Every structure is written in structure tokens, then in C-alpha cells.
Undergrad: 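Here it is, the structure, as C-alpha cells.
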Amino acid sequence: MNQRQNAQIYSDELAGNQNRQNVMTIFEKIIARQVPAKIVWEDEDAIAFHDINPQAPVHVLIVPKKVVPRLTDATDDDRALLGKLLLLARDIAKKLGLTSGYRVVINCGPDAGESVPHLHVHLLGKRALAWPPG
Ligand code: 5GP
């Protein structure tokens with residue numbers, strides 16, 4: 001999906017486009033087991049699975065089961081859930097042996113390259129990661 005398509009999805013959502021309201025994201029389909037994924041962890045609140053297009057030897061997505069499109073849409077009621085996602089990143093990093101470090105990323109909106117409008121945390125590791133990001 002290119003940047004223009006990302007921006008279109010984002011602007012459709014901002015406009016409350018009715019046509020998208022009943023469309024499941026790819027992550028909802030993974031949660032519902034309609035689409036396969038290499039799942040590394042799951043409970044009632046969240047699921048974690050390997051990214052289909054990994055940007056590092058370890059690239060896991062940590063996804064809340066509650067549909068929050070992106071960080072901008074999170075509310076104070078999501079405080080515990082957001083904290084849980086970060087602690088899950090910590091635990092999965094340990095489980096996957098990321099002993100020399102890792103990066104946790106949330107892409108929010110078109111400028112950040114968000115491509116799936118369902119909040120998720122990227123966990124990247126097992127290689128040295130450049131800074132600043134592109
Ligand atoms: P974003 O660009 O929104 O921050 O991240 C979305 C991520 O979801 C991308 O890294 C992309 O590779 C990943 N992704 C998209 N579709 C699928 C899929 O069907 N399965 C898995 N495992 N990852 C996906």
C-alpha cells in the first residue's frame with residue numbers, strides 16, 4: 001500500500017466514512033483466525049504475531065483486541081491497555097532473546113507511514129537499528 005492509499009484510508013476515517021465502518025482490518029481478521037499469522041503470544045486483551053514483511057530479524061506486532069484505530073484515538077479509558085502493550089513488548093523481547101536491545105515503534109497517521117488503521121506496537125530487534133528513522 002502506498003503513501004497516497006494510506007492517506008486516503010486515514011482521511012476516510014477522519015471523515016467518518018460510513019463505507020469503512022463495517023470493514024474489518026487485516027488485524028481483526030487475524031484475531032478472528034480468518035487470516036493466518038505466526039502468533040507468539042495472546043490473551044483476552046491482545047495478540048502478538050510476526051510481521052509479514054519484517055524490517056529486522058525479529059519484527060513482531062503487538063495488537064490490542066479492542067479496535068482503536070491509532071494512538072490519536074485512544075482515550076483515558078485505554079490507559080491500562082496502552083501500558084499493557086508496552087509491558088508485553090518488554091516480555092516478548094525477553095522471550096525472543098533480544099538481549100542486546102530492541103526498538104518499540106507506533107506509527108500514527110499518514111506522515112508516520114501508518115498502513116493498518118488498528119493500533120499496534122512494532123517490536124524490532126536482532127540487528128543494530130539506525131537513528132534517526134527515515
Ligand atoms: P504500520 O505501517 O501500520 O505501522 O504497520 C502495519 C504492519 O502490518 C506492517 O509492518 C505490515 O508489514 C504488517 N502487515 C500488513 N498485513 C499483514 C498481514 O496480513 N499479516 C501480518 N503478519 N502482518 C501484516
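Along the sequence shown, residues are numbered consecutively beginning with 1. Each ligand, and each atom within it, is numbered from 1 in the order the structure gives. All of these numbers come straight from a predicted model, not from anything done at the bench.
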Undergrad: For ligand 1 and Glu114, I'd like to know whether there is a polar contact (N/O to N/O, distance under 3.5 Å).
TA: no
Undergrad: Considering all heavy atoms of both residues, which atom of Lys65 and which atom of Glu42 are nearest to each other, and what is their separation?
TA: NZ-OE2, 2.8 Å
Undergrad: Do me a favour and list the nearest non-hydrogen protein atom to atom 16 (N) of ligand 1 with residue, atom name and distance?
TA: Ile26 CG2, 4.0 Å
Undergrad: Going by heavy atoms, is Lys38 under 4.0 Å from ligand 1?
TA: no
Undergrad: Are Arg33 and Ile39 side-chain neighbours, meaning at least one heavy-atom pair lies under 4.5 Å?
TA: yes
Undergrad: With respect to Val116, determine whether any N or O atom, backbone or side chain, lies less than 3.5 Å from an N or O atom of ligand 1.
TA: yes
Undergrad: Should Tyr102 and Arg90 count as side-chain neighbours, where that means a heavy-atom distance under 4.5 Å?
TA: yes
Undergrad: Please give me the minimum heavy-atom distance between Ala48 and Ile92, naming the atom from each residue.
TA: CB-CD1, 3.4 Å
Undergrad: Would you kindly specify which portion of Ile106 sits under 4.0 Å from ligand 1, judged on non-hydrogen atoms: side chain, backbone, both or neither?
TA: neither
Undergrad: What protein heavy atom lies closest to atom 12 (O) of ligand 1? Include the residue and the distance to one decimal.
TA: Asp51 OD1, 2.5 Å
Undergrad: Which of the atoms in ligand 1, numbered in the order shown and given with their element, are less than 4.0 Å from a heavy-atom of Phe27?
TA: 8 (O)
Undergrad: Using distance alone, determine whether Ile52 and ligand 1 share an N or O pair under 3.5 Å.
TA: yes
Undergrad: If every non-hydrogen atom of Pro64 is compared with every non-hydrogen atom of Leu81, which pair is closest and at what distance?
TA: CB-CD2, 3.8 Å
Undergrad: Here's a test for you: under side chain to side chain donor-acceptor pair (under 3.5 Å), which of Lys126, His50, His122 qualifies with His59?
TA: His122
Undergrad: Please confirm whether His59 comes within less than 3.5 Å of ligand 1 when only nitrogen or oxygen atoms on both sides are compared.
TA: no
Undergrad: Backbone or side chain, does any N or O of Gly113 fall under 3.5 Å from an N or O of ligand 1?
TA: yes
Undergrad: Give me the nearest non-hydrogen protein atom to atom 2 (O) of ligand 1 as residue plus atom name, then the distance to 0.1 Å.
TA: Ser115 OG, 2.8 Å
Undergrad: Could a heavy atom of His122 be found less than 4.0 Å from some atom of ligand 1?
TA: yes
Undergrad: Taking the basic N atoms (NZ, or NE/NH1/NH2) and the acidic carboxylate oxygens, is any pair closer than 4.0 Å for Asp43 and Lys84?
TA: yes
Undergrad: Should Val63 and Phe49 be marked as a side chain to side chain contact (heavy atoms under 4.5 Å, CB included) after you check the CA-CA gap, both sets of side-chain angles, and the distance that decides it?
TA: CA-CA 8 Å; Val63 180; Phe49 49 86; 3.8 Å; yes
Undergrad: With a 4.0 Å heavy-atom cut-off (strictly under), which part of His120 contacts ligand 1: side chain, backbone, both or neither?
TA: side chain
Undergrad: Of the non-hydrogen atoms in Val104 and Ala89, which two are nearest, and what is the gap between them?
TA: CG2-CB, 3.9 Å
Undergrad: A side-chain contact here means heavy atoms from C-beta on lying under 4.5 Å apart; do Val105 and Gln55 qualify?
TA: no
Undergrad: Could you check atom 22 (N) of ligand 1 against the protein and tell me its nearest heavy-atom contact, residue, atom and distance included?
TA: His50 O, 2.9 Å
Undergrad: Distance under 4.0 Å to a non-hydrogen atom of Asn53: what atoms of ligand 1 satisfy this?
TA: 12 (O)
Undergrad: If we only consider heavy atoms of Ile30, is any one of them less than 4.0 Å away from an atom in ligand 1?
TA: yes
